[in-house]
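Structure record follows, encoded as structure tokens.
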Amino acid sequence: MTLVEASQLVRNRKISSVELVQQCLSRLDQTEPKLKAFITVTGEQALEQARMRDEELARGQWRGPLHGVPIAVKDVFWACGTPTTGGSPLFADYVPEENAAAVEALLRAGAVLLGKTNLHELAYGITSSNPHFGTVRNPWDLERIPGGSSGGSAAAVAAHMVFAALGSDTGGSIRIPAAFCGIVGLKPTFGWVSRYGMLPLGFTLDHVGPLTRSTRDAALIMECLVGWDPRDPFSSPEARFREPVDGPITFRQLRLGIPTNFFWDRVEPAVLQAVHSAITQASQAGATLVELEAPAADVLVDVGRVILLAEATSVFEQRLSEREKFGRDVWLLLQQGRLIPATTYLQAQRLRGQLIERWKSLWREVDCLITPSTPILPARIGDHSIRWHDGTVEDLRQAATRFVRPFNVLGLPAVSIPCGFSPEGLPVGLQLVGPWGADGRLLAIAGLFEEALGLSDLQPPAL
Amino acid sequence: MIRWELLADSLGIPVEEPDRSELCRTIHALVARLEKAVRELPSTAPPRFVPSVGTYEDRQTL
């Protein structure tokens with residue numbers, strides 16, 4: 001059952017919120033010991049919230065599209081009275097006294113918070129093998145990573161423990177786990193969703209977004225999340241979530257940008273096959289394919305890495321003396337950040353500005369850009385690198401973030417949707433990228449692919 | 001040219017070998033690629049203000 005379906009059932013009083021929460025808690029009891037998707041489960045509070053939602057509905061009070069529906073949030077978002085660890089012992093005892101803006105928006109729309117999800121430590125990595133709170137496992141293959149850093153959110157949604165979850169994305173941390181877990185993950189336009197009350201990592205790269213089992217579910221969450229918030233200095237007064245108003249979109253109306261560079265280098269064959277097959281289906285359904293060069297995509301990756309290394313270290317530098325509270329990989333990244341010269345960071349920001357300008361002209365030619373979400377399938381837990389067929393070895397983090405990081409730098413909306421499976425049954429993600437502020441239209445286009453491919457609300461067989 | 005090992009020493013970066021060499025190699029390569037990208041920018045035009053992220057109005061709130 002999707003979020004949209006659950007929402008309608010609750011609103012029409014075909015099912016109660018308490019029943020939905022009980023179903024989710026039962027599913028959680030069954031799967032959580034295998035997946036380690038949560039850091040904190042707020043079962044009793046959720047049942048109490050659900051009872052209140054049912055009473056409200058009985059009185060004719062409907063809060064909004066999430067009324068009575070259980071969701072989870074990554075443990076980087078403040079939830080009043082519930083610990084917010086960031087997946088780190090640094091903040092193990094931190095209990096916020098207010099909600100993050102995004103959490104508040106979901107609760108205002110009636111959501112029931114089932115808990116806080118596990119993640120890569122400090123949201124700084126892609127495996128979600130957290131040395132402090134446990135290794136999150138992929139619901140499609142328990143020996144593989146779910147991706148990260150929002151790995152717990154993705155695993156919880158993919159395993160049907162909740163109907164949706166919030167994630168954060170600084171260099172792919174929503175889209176990578178969405179791709180690896182066979183669900184939908186949207187990184188919205190920069191400034192569209194407030195980050196107030198979220199643990200920062202790269203403050204000019206951080207985004208908040210939904211992980212769901214369908215594109216319509218993601219749109220529903222976005223309707224609740226998007227808007228200007230003066231408490232986030234990068235929040236945009238222009239932030240609006242608009243679905244297409246001129247009727248349903250069809251493939252025949254669309255010009256799909258197919259990059260001729262960068263996004264097809266060193267890609268696993270199963271990923272290539274699934275993505276090409278999705279593009280072929282869109283073309284056969286009438287979409288116009290436009291081949292084009294993605295401007296300076298390789299430079300964008302380096303720009304993003306320099307900015308993130310410097311910003312993340314600036315955020316956590318005061319705590320670096322507490323060595324025992326950091327996992328090895330995060331510790332090394334934070335030390336690396338200390339070596340970035342100030343001029344290099346500022347040059348990266350200047351380059352970023354110029355590249356944002358260059359990319360604007362691309363949207364005169366196409367409605368969206370299509371790429372694989374990641375060049376790789378979910379790696380085995382414990383792997384740190386990937387060996388390509390040409391003999392080169394690539395760091396796993398860099399491989400996983402290669403195709404997603406550019407769009408954190410550009411601030412453009414980008415969504416990962418499932419587009420197929422490898423021969424061993426692992427999900428493959430397709431990334432669609434749109435122009436600034438076109439999040440609603442992008443999700444509508446993603447919905448066309450979802451419908452054509454018949455890949456929504458998937459159920460991992462291993463569970 | 002930055003001597004990364006010396007810089008790491010002067011900053012007191014407490015990372016032991018072989019991670020230390022790997023860390024310096026990674027940063028050297030990353031910074032070198034970025035500097036190359038900057039060198040390839042048009043250099044005769046005077047520097048100008050460029051937006052980093054968001055719109056003009058966004059930045060007014062900073």
Side-chain angles (χ1 to χ4, degrees), chain A residues 189-192 203-205 228-239 296 298-303 305-307 309 320-321 323 328-329 331-341 343-357 360 395 398 408-411 436-437, chain B:
Chain A
T189 298
F190 188 74
W192 252 227
F203 40 83
T204 71
L205 297 166
W228 180 56
D229 180 359
R231 297 171 298 175
D232 174 353
F234 286 96
S235 180
S236 171
E238 298 167 14
D298 54 339
V299 175
L300 284 166
V301 172
D302 289 334
V303 165
R305 285 182 63 201
V306 164
I307 292 172
L309 281 166
L320 283 178
S321 58
R323 170 68 187 90
R328 181 174 175 278
D329 61 330
W331 167 257
L332 288 172
L333 282 171
L334 291 170
Q335 293 295 345
Q336 270 188 6
R338 295 176 67 194
L339 287 171
I340 299 288
T343 48
T344 303
Y345 172 78
L346 290 167
Q347 291 288 24
Q349 289 288 17
R350 287 187 67 227
L351 263 177
R352 178 188 201 174
Q354 301 202 358
L355 292 173
I356 286 171
E357 290 300 308
K360 281 180 181 168
D395 174 78
Q398 281 166 40
N408 293 79
V409 175
L410 296 170
W436 187 270
Chain B
M1 165 98 170
I2 295 173
R3 306 275 295 274
W4 296 100
E5 296 277 353
L6 290 178
L7 180 61
D9 280 344
S10 68
L11 289 171
I13 289 189
V15 175
E16 303 297 326
E17 295 293 348
D19 291 335
R20 187 180 172 81
S21 299
E22 175 63 25
L23 182 149
C24 288
R25 263 199 308 276
T26 303
I27 290 292
H28 173 75
L30 182 59
V31 171
R33 283 199 304 274
L34 195 95
E35 285 176 351
K36 179 172 177 286
V38 171
R39 280 198 302 275
E40 287 169 0
L41 291 176
S43 59
T44 50
R48 63 189 180 100
F49 289 100
V50 290
S52 59
V53 173
T55 61
Y56 177 78
E57 288 76 17
D58 294 340
R59 292 188 303 283
Q60 301 316 295
T61 62
L62 291 180

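None of the values given here were measured: they were computed from a predicted structure. Letters go in sequence order (proteins before strands), and every chain restarts at 1.
- Each of Val306(A), Ile307(A), Val409(A) was evaluated against Gln349(A); a single residue qualifies, Ile307(A), per the side chain to side chain contact (heavy atoms under 4.5 Å, CB included) test.
- Qualifying salt bridge (charged side-chain N to carboxylate O under 4.0 Å, His left out) partners for Asp329(A), counting only residues two or more places apart in sequence or in other chains: none.
- For the pair Leu23(B) and Trp4(B), the minimum side-chain heavy-atom distance is 4.5 Å or more.
- Contact count against chain B (heavy-atom pairs under 4.5 Å) is highest for Leu339(A) among Leu320(A), Leu332(A), Val299(A), Leu339(A).
- With a 4.5 angstrom heavy-atom cutoff, Ile340(A) touches chain B only via side-chain atoms.
- Counting all heavy atoms, side chain and backbone alike, Phe203(A) lies closest to Tyr345(A) at CE1-OH, 4.3 Å.
- Chain A forms the most heavy-atom pairs under 4.5 Å with one residue out of Val15(B), Leu7(B), Leu11(B), Asp19(B), and that residue is Asp19(B).
- Using a 4.5 Å cut-off between heavy atoms, Ile27(B) touches chain A through its side chain atoms alone.
- Looking at Leu355(A), neither its backbone nor its side chain comes within 4.5 Å of chain B, counting heavy atoms on both sides.
- Of the atoms belonging to Arg323(A), not a single heavy atom falls under 4.5 Å from chain B.
- Each of Thr26(B), Ile13(B), Leu30(B) was compared with Gln336(A) under the side chain to side chain contact (heavy atoms under 4.5 Å, CB included) criterion, and only Thr26(B) meets it.
- Contacts between Pro230(A) and chain B at a heavy-atom distance below 4.5 Å are absent for every atom of the residue.
- If you measure heavy-atom distances from Val303(A) to chain B, the contacts under 4.5 Å come from both the backbone and the side chain.
- Glu16(B) pairs by the side-chain hydrogen bond (donor to acceptor under 3.5 Å, both in side chains) definition with nothing, not counting sequence neighbours.
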*Verify side-chain contact (heavy atoms from CB on, under 4.5 Å) between Arg352(A) and Thr204(A), making sure each step is shown before the conclusion.*
CA-CA 11 Å; Arg352(A) 178 188 201 174; Thr204(A) 71; 2.8 Å; yes
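- Most heavy-atom pairs under 4.5 Å with chain A: of the set Cys24(B), Ala37(B), Pro14(B), this distinction falls to Pro14(B).
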